[in-house]
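Take a look at the structure below.
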Amino acid sequence: MKALTHSKIILTILILGLAILPVILSDAPWPVQARDYLFGNAKADTGADNTVSAIYLGYRAMDTLGETLVLLVSITGTMSILINLGRHKVDEEAVTFSLEPEKLPRHSLRTNLIEVVASKLGPIVLLFGFYVMLYGHISPGGGFQGGVIVASGIVFLALGTELKTKLTNTIVLSRIESLSFLFLMLASISGVFFESGFFGNPVKTMQNLSPNFIILLNIIIGMKVGTSIAVMCIAMMGGSHDH
Amino acid sequence: MIIYIFILSLILALGIFALASKDLLHSVIALSAISMLSALLFTILRAPDVAITEAAVGAGVSTVIFVWAIRHTQRRDKEGS
Amino acid sequence: MIIERILIFLLFLIGFSAIVAMRNIIKKIFGLNLMNAAVVLLFILEGSRIGSQAPILDDGITHMVDPIPQALMLTAIVIGVCVSALSLALAVRLYQATGSLDLDVITKRLADEH
């Protein structure tokens with residue numbers, strides 16, 4: 001019985017290997033036309049120096065909209081499973097799970113070292129996150145990267161401080177997240193009024209080369225990604241303790 | 001290039017260790033190390049945006065959610081292969 | 001050039017074999033993460049062969065790397081972590097409902113309850 005299962009597994013892996021083998025052994029040259037076109041026209045079409053930002057916020061902004069939607073759906077699903085995690089137990093004591101930081105249980109492993117280092121490093125990481133978010137059009141970075149770094153900064157603050165701040169309050173953070181999604185929808189529809197299509201960049205119709213639209217999109221996406229990941233991580237940290 | 005082969009074989013060895021280990025916390029640390037080595041490789045390959053994203057997401061958010069999942073279930077892998 | 005592709009292909013196969021052969025659910029999710037990492041590595045590696053400078057338009061850039069695989073892989077990394085988060089939440093919920101992380105034991109206990 002075990003030999004049959006093992007042989008089925010080995011057969012599956014061999015078939016997958018055979019199916020992917022042409023990708024490994026092919027020597028077709030990588031096409032260069034896209035790189036040449038983008039080298040000449042990316043700054044004139046979108047106004048950004050960072051070519052990667054020009055692609056996923058200018059030429060292919062629909063992909064970014066879809067990715068933001070996937071992030072929203074998955075974090076909503078995870079949070080709904082997280083919140084109901086303690087309610088289905090029948091034979092254990094009441095679970096101390098809550099989203100307000102002032103009711104977080106104090107663990108015995110919360111030493112002075114963690115509190116001092118995390119609470120002193122938190123604002124620096126937040127500052128770095130905002131810098132990466134705002135300079136995404138001329139240096140590596142952008143909305144997603146800055147957003148995840150801001151989320152790490154907020155988690156540092158939630159780990160470190162004893163007193164509650166507005167930044168680690170999950171109600172405030174989830175309101176910022178909903179507002180950012182609303183602004184993303186408004187920014188994408190605004191292209192219709194500027195006659196450059198849905199999610200269009202107004203650089204093409206006005207004749208000055210300013211990266212304002214890219215900066216606005218970076219800020220909106222950064223706030224959305226940052227606050228949603230921060231809410232999920234804070235909810236994970238304040239969970240029940242068993243085992 | 002020799003540096004690519006070296007980093008890729010390190011990633012492969014860490015991947016095999018992550019799957020064969022009986023303590024799940026060791027596997028999570030190995031996954032975080034794979035993300036760090038990938039970020040280093042992306043920087044050498046002239047892809048700075050992808051390197052920042054992989055470092056922040058792989059070593060930050062992904063490790064946090066894996067450690068949370070292990071904390072609420074078992075830490076040792078009792079079932080074998 | 002072909003040795004790197006073979007190493008990435010082996011990483012992909014190891015991730016796939018973890019999904020098929022391991023009995024612990026958390027190890028299957030490890031395999032999903034490894035497959036994601038292998039695909040991202042392959043795209044960035046292949047896209048960097050046609051140039052030698054980073055795709056930021058400063059003065060003096062003449063021969064830049066292909067920027068399109070990098071833009072696609074940004075989306076792929078974020079979606080990979082979203083899938084991991086949701087599947088781990090489902091695994092923890094399954095553990096609470098049945099008390100074990102082994103897939104055969106879970107199906108047997110769920111079938112017994114009905």
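Proteins get letters first, then strands, A, B, ... in listed order; numbering begins at 1 in each.
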TODO: Please indicate whether C:Ile3 has more than 12 foreign heavy atoms, meaning atoms of other residues, nucleotides or ligands, lying under 6.0 Å from its CD1.
DONE: no
Open item on the list: Just so I understand: if I count every heavy-atom pair under 4.5 Å between each of B:Val61, B:Leu45, B:Leu24, B:Ile11 and chain C, which residue has the most?
Closed with: B:Leu45
Task: Per-residue contact mode, C:Val92 against chain B (heavy atom under 4.5 angstrom) - done: both
Open item on the list: Whether the side chain of C:Lys28 engages the backbone of C:Met22 through a donor-acceptor N/O pair (distance < 3.5 Å, no angle test) should be reported.
Closed with: yes
Open item on the list: A quick test of your reading: do over 12 heavy atoms of other residues, nucleotides or ligands sit less than 6.0 Å from CZ of C:Phe16?
Closed with: yes
- [ ] Go through the steps for B:Ser62 and C:Asn33 under the test side-chain contact (heavy atoms from CB on, under 4.5 Å), then give the verdict.
- [x] CA-CA 10 Å; B:Ser62 189; C:Asn33 249 3; 3.8 Å; yes
TODO: Using atom types as modelled and distance alone, determine if a side-chain donor or acceptor of B:Thr63 lies under 3.5 Å from a backbone N or O of B:Gly58.
DONE: yes
Open item on the list: I'd like to know which of B:Ile70, B:Ile5, B:Ile65, B:Leu19 tops the heavy-atom pair count under 4.5 Å against chain C.
Closed with: B:Leu19
TODO: Assign the ring pair B:Phe17 / B:His26 to parallel, tilted or perpendicular, where the plane angle (0 to 90°) is split at 30° and 60°.
DONE: parallel
Task: chain C interface, residue from B:Ser27, B:Ser9, B:Ser35, B:Ala30 that has the most non-hydrogen pairs under 4.5 Å - done: B:Ser27
TODO: Below 4.5 Å from any heavy atom of chain B, which atoms of C:Ser52 appear? Answer side chain, backbone, both or neither.
DONE: backbone
Task: Selection from C:Val105, C:Leu34, C:Ile56 maximising heavy-atom pairs under 4.5 Å formed with chain B - done: C:Leu34
- [ ] Against chain B, label C:Leu7 side chain, backbone, both or neither, depending on which of its atoms sit under 4.5 Å from a heavy atom there.
- [x] both
Task: Residue B:Leu41 versus chain C: region with a heavy atom under 4.5 Å - done: side chain
Open item on the list: Could you report the tightest heavy-atom contact between C:Ala38 and C:Ile8, atom names first, then the distance?
Closed with: O-CG2, 3.4 Å
Task: Side-chain heavy-atom pair C:Ile25, C:Ile106 within 4.5 angstrom cut-off - done: yes
Open item on the list: Only pairs of heavy atoms separated by less than 4.5 Å count here; which of C:Gln53, C:Met64, C:Met1 has the most with chain B?
Closed with: C:Gln53
TODO: Please look at C:Leu11 and chain B and tell me whether the side chain, the backbone, both or neither of the residue comes under 4.5 angstrom of a heavy atom of that chain.
DONE: both
TODO: Under 4.5 Å heavy-atom distance to chain B, tell me which part of C:Leu45 shows up: side chain, backbone, both or neither.
DONE: both
